[in-house]
Peer 1: 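Next up is a structure, given as structure tokens.
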Amino acid sequence: MLKLDLDTNLVSRARAAATKISSDFDWLFDGYSSVTIERTVLRLMGIDGATEDGKPLPNLIVDQLQSAGALSKGAAIWIANAMHHESLSAQQVAEKVLHGELQLTALPMAEPQTLYDLLASLSSEMLGKIKAQKAQREDFYQKYGPRREPAIYVIVATGNIYEDLIQARAAAREGADIIAVIRSTAQSLLDYVPYGATLVGFGGTYATQENFRIMRKGLDEVSEEVGRYIGLTNYASGLCMPEIAAMGAIERLDLMLNDAMYGILFRDINPKRTLLDQYFARMINAFAGIEIQTGEDNYLTTSDAIDKAYTVTASQLLNESFAIKSGVKPQKMGLGHAYEIDPEKENSFTYELAHALLTRQLFPEAPVKYMPPTKFASGNIYKTHLMDAMFNFVGQLTGQGVQLLGMMTEAIHTPHLVDRSLAIENAQYIFRAVKDLGDNLELSPDSFINRRANSVLKEATEFLEKVAEEGMFAAMAAGAFAEIKRPENGGKGLDGVFERDPEYYNPFMDQMKKELGL
Amino acid sequence: MLKLDLDTNLVSRARAAATKISSDFDWLFDGYSSVTIERTVLRLMGIDGATEDGKPLPNLIVDQLQSAGALSKGAAIWIANAMHHESLSAQQVAEKVLHGELQLTALPMAEPQTLYDLLASLSSEMLGKIKAQKAQREDFYQKYGPRREPAIYVIVATGNIYEDLIQARAAAREGADIIAVIRSTAQSLLDYVPYGATLVGFGGTYATQENFRIMRKGLDEVSEEVGRYIGLTNYASGLCMPEIAAMGAIERLDLMLNDAMYGILFRDINPKRTLLDQYFARMINAFAGIEIQTGEDNYLTTSDAIDKAYTVTASQLLNESFAIKSGVKPQKMGLGHAYEIDPEKENSFTYELAHALLTRQLFPEAPVKYMPPTKFASGNIYKTHLMDAMFNFVGQLTGQGVQLLGMMTEAIHTPHLVDRSLAIENAQYIFRAVKDLGDNLELSPDSFINRRANSVLKEATEFLEKVAEEGMFAAMAAGAFAEIKRPENGGKGLDGVFERDPEYYNPFMDQMKKELGL
Amino acid sequence: MTQIVKPYGDTQNDGKVQLSFALPVKPDAQGKEAARMLILSMGFDEAEITCMRDLGEGFTHFIAYAATSASVDVSKIKVRVVETPVMDMEATDLYVQEHLGREITVVGACIESDAHTVGIDAIMNMKGYNHRFGLERYQCFNAVNMGAQVPSEELLAKARELNADVILVSQVVTQKNIHIQNLTRLIELAEAEGLRDKMLFICGGPRISHELAIELGYDAGFGTGTYSTDVASYIAITLSKKQAE
Amino acid sequence: MTQIVKPYGDTQNDGKVQLSFALPVKPDAQGKEAARMLILSMGFDEAEITCMRDLGEGFTHFIAYAATSASVDVSKIKVRVVETPVMDMEATDLYVQEHLGREITVVGACIESDAHTVGIDAIMNMKGYNHRFGLERYQCFNAVNMGAQVPSEELLAKARELNADVILVSQVVTQKNIHIQNLTRLIELAEAEGLRDKMLFICGGPRISHELAIELGYDAGFGTGTYSTDVASYIAITLSKKQAE
Ligand code: B12
Ligand code: B12
Ligand SMILES: Cc1ncc(COP(=O)(O)O)c(C=O)c1O
Ligand SMILES: Cc1ncc(COP(=O)(O)O)c(C=O)c1O
């Protein structure tokens, strides 16, 4: 077995720094909410649908409450009051609001306890539904057997949910364990979740609840056919992080791209908004038993994979500590890592082996999400296919949790049916060929690989300690992360963040916290 | 460093058995000659050219001497006598014979010593020329630096020497270290070497002296351009083994496919003929500093690479011991091995690593010729490209001497220009990626790889001991090798073998033996 | 019912095809445009050169994606395939016993310059291939495998000598269409010697299809992935039917 | 002089091309023949299907080699390429000092939905790419990089505000030709606002060629493998010439 001899002192120092950083945000998590958190609450209460011009009802209501200055109490209480007053379901209330037949803030306010009771039953109902989905997933794994390691994870990204479905089903039959439906360009920046089945997207397909449903249904069928449970994933990311997490929980998605800092750094979303949203989104994921997947690969697509290897480690440790705060179990922390080393570099494989072992060993229980070469993929499909093979080799040798397969056409187009099939063939061949190779090997004393892993760890530790000292917002503003400056009050979506009223109430957060032991 | 812990007792037993087997053939090497050996002598005396219908002059003369019952004295003496009598060069004598103007056996016989002196000067002249070529090669390596390990070895096989040349030069520019001109189908079975530049061949291009010259000249030009000496190789194999070796020595080929038993097993050439011819052919190669390359890959294209792995080891040991008898230095013994494991097999890479390490470690000084997957190459070029990558990985990791690159179109056609270029790209990428990986790794105690290597060695040892006991010809007749039965007096070319007369004289063999210290 | 199909990349009928080829041009903007024009002149649209690699000696390698407007009506395509059902060894032996009532003599060889015996061995030899025994193992066959590089004349002579029912020929090397030449020569010799109609002539190899075999005057042809069972069943059933006629 | 070229496999003008595509057919003899017929109908000869893989959901993958009879006359191919010579940073700075005598203001962005900044950063940012510094490092440039997902309106507003000499636009995502839409929209807005002729409009990205850029109404276009030096030299020389006119 290839085992690094990591400096345990560095490991504890790094974890301590990460914990300090995330603990500095309790003021935010306990004192603030955001428009998307409130929309999530509405969705969890059962409100769905959109206006004729595509504005989702949760947005409509939250916007109205916000204009009325009423949002700081949380959206739940207003809907509950209207339900009580009008004897309607939440959805009926929403529709009345839509048709201008109801003004939420104009109704007389009922006794708080009445509303709390009503909300408690609503929340138990929905959280029960989510628990049933979780149980259903666990039953499937029980019935069909556990997921392979690394799991074969492929993307579909045609832009049309029905084409995606064809491609996903074909991939599942060929051996894929997890299907990721890539999102249309820049959905991150939409402050609403589009509605219904969608047929046109750019570089991906919109994440909508209906699309989730279509895909889940199609994959459940294939799962049964092939006797293997096919996982489904999407992006709980961007300006609608918790809403998408909730939709995924309801529709039994199994994993979610869900990074604590991705939105800030790579989408210029406001830092407070992002951290706050991820806190609730992750709680939903934790509650639903959804595996989160973090986006450390993004650091390496913009910066050099060797010089900036430590940023991956630092981000993994931060993602871990934020995930713990939301109740995510280590077995559900799909921390990210990527094989983005320049193929022209001597010993690119050797370097990568050091990095991959480091990730694996720092987070032994995490189903690490290992990302393929993309930056140095070129229009030379034959070469890219080989780079993907080396990536698959390292994935199997170091026992990563999830192998996001590279496509030989990475630099050309979103994957064609054939590309994905060849990617699966590639992974299956390599995984089989080196299946137990790792059992035969050990690292030489004082090997370059061991030295390299420790030096990356050291850089990460020092970086985290610096951030812990400065404070994360200050560090971000100064460009410490990904060489990009993100000021605390800059970026998109800040106007969607608001301070909670002392009477603020979010029944779902309360109940989930209780059940998750937070 | 990956190092096997081989049972040293088995190693010595195996070598002892191989030595015993090859030593049993002194009666053959010292008491017999063959038509191709005599034609070689004529070629070394300077006789070249062919009749109008393509029969080479060396064949014409040897045939005449054989019909006249005069060949058992060796061809040299007859030509020398005619040269002396007519005051002609050897070539002029041959041409007179061709035109029916001279009957070699009809001339009065001069004093033996006169003829010996004449032959001694002829032999010194030609052997001097060969030594000059050897020195030239060594100068080139001195000037341009040594060959990389593993060397990048690619084949050209268009059937047309001028197309071959284009493809060879392109490959050399892209990084090939050695060019092999593959021979037209079944040239092995021709009991003459075709003459002149050739434009049509099937699955390869005829080995002719002119073709050698054209290719050597073209590659010398590129060598200078790229500052890297480009090796050239062909086949000293089949019914004209020593003749081709001589042609190669004269034209400065750098390596030669030259297996002690290939002709017997895979071309049904008579066993005596083959062993005898290889003895002289290898002596020429040894003298010319030509690296021989043996054909163990052939065992695995017909039999299973795991079940019959031991046949490769056994054949390597036999090839080694026959090579020693002919004066070949360990540094010039390119023993063969091949990556022919079924890619569907679990741990195919792990098995192969054991086999490749075994070869490398048994013959630490040999520039092992490592052959790519061919049998399981299919029309799926993408998959074959990956198999070739795994092969390249093992080649670099275990430090083989020569890497015969696999082509992604292996199962389809002889390589196109593009196929070869992609094969070189494949090797260069992988070699660079895992350059020093081996320095980082050790085998775990009691690893499968170590156990596997020792068990193959054990099977090989037991096999060789059995053959040593039975005698090699008996074992061959019984089908012990490659599951094919080859009786001592069966197969092609037996009528070309003859017992030497006490007055038999071969000036080249004598002088080379002396210089090689045999 | 017509069923018109086009290549599929990621959208129905998008016609997407990947191409790769070398051109004797320089690796520059003009060379790249030449490659693109060539693809367009083959009738493709949206030709995109995704990679251009210098091959030296004046050649450049291009990798491209393009969309073809060509399509094919699958319903119009009739291929001749071996239509006899496939039985396992026991069933074939039984079938022959019941329907033919005698042993079948089969003579096989790689003819002319071809020495690739692995394929025909897979069909004929005792141990067979991929868990199917070869014809030698069948009770109903007397199988004689002559091996590599057998001149056509010798194969026919042996078949005549043994009064064979079936001739099996393997051809693996196809460069410059040498397999077509060799297979044609064998059939012509057989006709000249009056043997053609006395036995089944079956050929095989990775580039052989039943279609091609029939064109060349053979009774049947078998390609990549053939098993002994396919051939054995075909022989058993075809000979039994002939005898019944 | 005409120079007619055809693809090359291993013999001059053999026309050999490798193809790979999926068809909505079954992986059987008929499907294979459909694939072959499709290739023939594209005008290829000697089509050989070397691999057939079941993709599921009714699709099959084919890999093929075939010989095209298409050819192209290289001498007839004229491509518009950026023709200004390439100078290094120091030479460019000097050139601008001598020929233009003032600083050049450049505003750049990835427009609309595109967030792929690595390409434009490689051209503009201080640290540059592959050992060539970016425009920010040049003395002669005042380079403003607006980053990702910048609406065309904002880019033009900034350019107007800074009185820019040059606009640099990057477009990397090309699915459904979104780059063409975005680039066209920018130019149309610029024309409407009367900015088009006041500055150089330059676009870049992996699927951009100079040819395409000109078609879309830009002054120049740069594709894969562009360096800051290419762009800087082009700008310096073009602006100096304009000023001289
Ligand atoms: C093994 C092999 C060899 C071995 C052969 C050993 C032996 N005893 O057979 C050796 C090393 C000797 C060899 C030599 C050569 N080979 Co070779 N060889 C191969 C290789 C790697 C595998 C072929 C094989 O065994 N396949 C496995 C068998 C089971 O498959 P198969 O033959 O297709 O058979 C199946 C079916 O086709 C069918 N079938 C086949 N025959 C028959 C007959 C009947 C009657 C029926 C019913 C069915 C049937 O059933 C079989 C089982 O399913 C191929 C590359 C490849 N991967 O295909 C090259 C290949 C076939 N060889 C090739 C060449 C050129 C040669 C040489 C000419 C090279 C040279 N110049 O030295 C020599 C000459 C040999 C000769 N005189 O014919 C080329 C042919 C190119 C072409 N298309 O023309 C290939 C494709 C390699 C390449 N890319 O260059 N070769
Ligand atoms: C890195 C990367 C990302 C990063 C971008 C980070 C960043 N800050 O830039 C992240 C992870 C964020 C990302 C996201 C996405 N990506 Co992306 N990404 C890539 C990747 C891997 C590399 C691109 C790159 O950086 N190349 C290196 C630079 C140096 O090269 P370049 O861009 O070609 O630039 C050079 C020249 O073109 C030129 N140039 C470029 N611009 C300009 C401008 C001017 C003025 C000039 C003069 C020259 C010039 O000069 C540069 C230097 O030589 C490619 C795949 C690949 N290997 O190409 C996919 C790729 C471009 N992405 C793709 C997609 C679809 C997306 C997403 C839409 C996926 C999704 N649905 O989430 C998102 C959305 C992003 C968005 N809104 O635009 C597709 C595009 C498919 C297509 N052809 O339409 C690709 C091809 C991957 C794929 N096969 O699917 N991606
Ligand atoms: C965590 C995370 N979210 C989202 C995305 C991409 O989605 P979008 O373009 O919608 O931001 C990525 C892409 O890598 C990611 O890593
Ligand atoms: C030693 C040796 N000689 C010769 C050959 C092939 O040449 P021929 O077909 O002329 O026997 C091979 C092929 O593998 C070989 O290994």
Side-chain angles (χ1 to χ4, degrees), chain C residues 3 5-10 12-13 15-26 28-44 46 48 50 52 55 59 62-63 68-74 76-82 174-175 177 206-207 209-211 223-224, chain D residues 3 5-9 12-13 15-26 28-44 46 48 50-52 55 59 62-63 68-74 76-82 174-175 177 206-207 209-211 223-224:
Chain C
Q3 183 201 347
V5 299
K6 283 180 74 169
Y8 174 85
D10 66 355
Q12 300 293 346
N13 295 321
K16 285 293 168 72
V17 174
Q18 176 253 315
L19 299 108
S20 163
F21 54 85
L23 273 187
V25 297
K26 289 214 202 73
D28 59 14
Q30 196 185 32
K32 192 169 178 177
E33 184 63 10
R36 210 176 66 86
M37 296 304 293
L38 184 80
I39 296 173
L40 296 178
S41 81
M42 293 178 202
F44 287 96
E46 297 172 45
E48 259 196 63
T50 67
M52 171 163 83
L55 294 171
F59 291 92
F62 297 97
I63 303 175
T68 182
S69 45
S71 62
V72 58
D73 183 350
V74 184
K76 294 256 161 60
I77 289 173
K78 300 276 168 284
V79 271
R80 280 172 288 191
V81 288
V82 173
T174 60
Q175 216 192 21
N177 280 330
R207 294 283 166 270
S209 63
H210 185 59
E211 191 83 26
T224 301
Chain D
Q3 185 201 345
V5 300
K6 282 179 73 169
Y8 174 85
Q12 300 292 346
N13 295 322
K16 285 292 168 73
V17 174
Q18 176 253 314
L19 299 107
S20 163
F21 54 85
L23 272 187
V25 297
K26 288 213 202 76
D28 58 14
Q30 194 185 33
K32 192 169 179 178
E33 184 63 9
R36 211 176 65 87
M37 296 303 294
L38 184 80
I39 297 172
L40 296 178
S41 81
M42 294 178 202
F44 287 96
E46 297 172 47
E48 259 195 63
T50 68
C51 180
M52 171 163 82
L55 295 171
F59 291 92
F62 296 96
I63 303 175
T68 181
S69 46
S71 62
V72 57
D73 183 350
V74 183
K76 295 255 162 62
I77 288 173
K78 300 277 168 280
V79 271
R80 279 172 289 191
V81 289
V82 173
T174 60
Q175 216 193 21
N177 280 330
R207 295 283 164 269
S209 64
H210 185 59
E211 191 83 26
T224 301

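From a predicted model like this one, the values you see are computed outputs, not experimental measurements. Sequence lines set the chain letters: A, B, ... in the order given, protein chains first and strands last, and positions in each chain run from 1.
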Peer 1: Check each atom of C:F62 against the heavy atoms of chain D and say whether the ones under 4.5 Å are side chain, backbone, both or neither.
Peer 2: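 Neither part.
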Peer 1: Please rank C:G15, C:P24, C:G31 by heavy-atom pairs under 4.5 Å with chain D and give me the top one.
Peer 2: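 Counting heavy-atom pairs under 4.5 Å, the top option is C:P24.
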Peer 1: Could you measure the distance from the CD atom of D:Q30 to the CD atom of C:Q3? Nearest 0.5 Å is fine.
Peer 2: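 Those atoms lie 7.5 Å apart.
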Peer 1: Heavy-atom distance under 4.5 Å to chain D: side chain of C:Y8, backbone, both or neither?
Peer 2: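 Both backbone and side chain.
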Peer 1: Sort C:S20 into side chain, backbone, both or neither according to what part of it lies under 4.5 angstrom from a heavy atom of chain D.
Peer 2: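 Both backbone and side chain.
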Peer 1: For C:K6, which atoms come within 4.5 Å of any heavy atom of chain D: side chain, backbone, both, or neither?
Peer 2: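 Just its backbone gets close to chain D.
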Peer 1: With only heavy atoms counted, which part of D:E48 is less than 4.5 Å from chain C, the side chain, the backbone, both or neither?
Peer 2: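 Only the side chain of D:E48 comes within 4.5 Å of chain C.
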Peer 1: Rounded to the nearest 0.5 Å, what's the gap from CG on C:L23 to CG on C:L55? Could you check?
Peer 2: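 Spacing of CG (C:L23) from CG (C:L55) equals 10.0 Å.
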Peer 1: What distance separates C:M42 CE from D:S69 OG, expressed to the nearest 0.5 Å?
Peer 2: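 Rounded to the nearest 0.5 Å, the CE-OG separation comes to 9.0 Å.
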Peer 1: Could you tell me which portion of C:V17 (side chain, backbone, both or neither) has an atom closer than 4.5 angstrom to a non-hydrogen atom of chain D?
Peer 2: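 Looking at C:V17, backbone and side chain both touch chain D.
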Peer 1: Can you tell me which portion of C:E46 sits under 4.5 Å from chain D's heavy atoms? Options are side chain, backbone, both or neither.
Peer 2: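 For C:E46, there is no contact with chain D at all, as no heavy atom is under 4.5 Å.
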Peer 1: Quick check on C:R207 against chain D: is it the side chain, the backbone, both or neither that has a heavy atom closer than 4.5 Å?
Peer 2: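 Interface part for C:R207: side chain.
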Peer 1: What distance do C:M37 atom CE and C:E33 atom CD have between them, rounded to the nearest 0.5 Å?
Peer 2: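 Rounded to the nearest 0.5 Å, the CE-CD separation comes out at 6.0 Å.
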Peer 1: Please state whether the side chain, the backbone, both or neither of C:V81 comes within less than 4.5 Å of a heavy atom of chain D.
Peer 2: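 Answer is side chain: those atoms of C:V81 sit under 4.5 Å from chain D.
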Peer 1: Of the backbone (N, CA, C, O) and the side chain (C-beta and beyond), which part of C:D28 lies under 4.5 Å from a heavy atom of chain D, both, or neither?
Peer 2: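 Nothing of C:D28, per the 4.5 Å heavy-atom cut-off to chain D.
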Peer 1: Give the member of C:P7, C:S71, C:A70 that has the highest number of heavy-atom pairs under 4.5 Å with chain D.
Peer 2: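 Of the candidates given, the most pairs with chain D belong to C:P7.
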Peer 1: Non-hydrogen atoms of chain C under 4.5 Å away: do they reach the side chain of D:V79, the backbone, both or neither?
Peer 2: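 For D:V79, side-chain heavy atoms alone lie under 4.5 Å from chain C.
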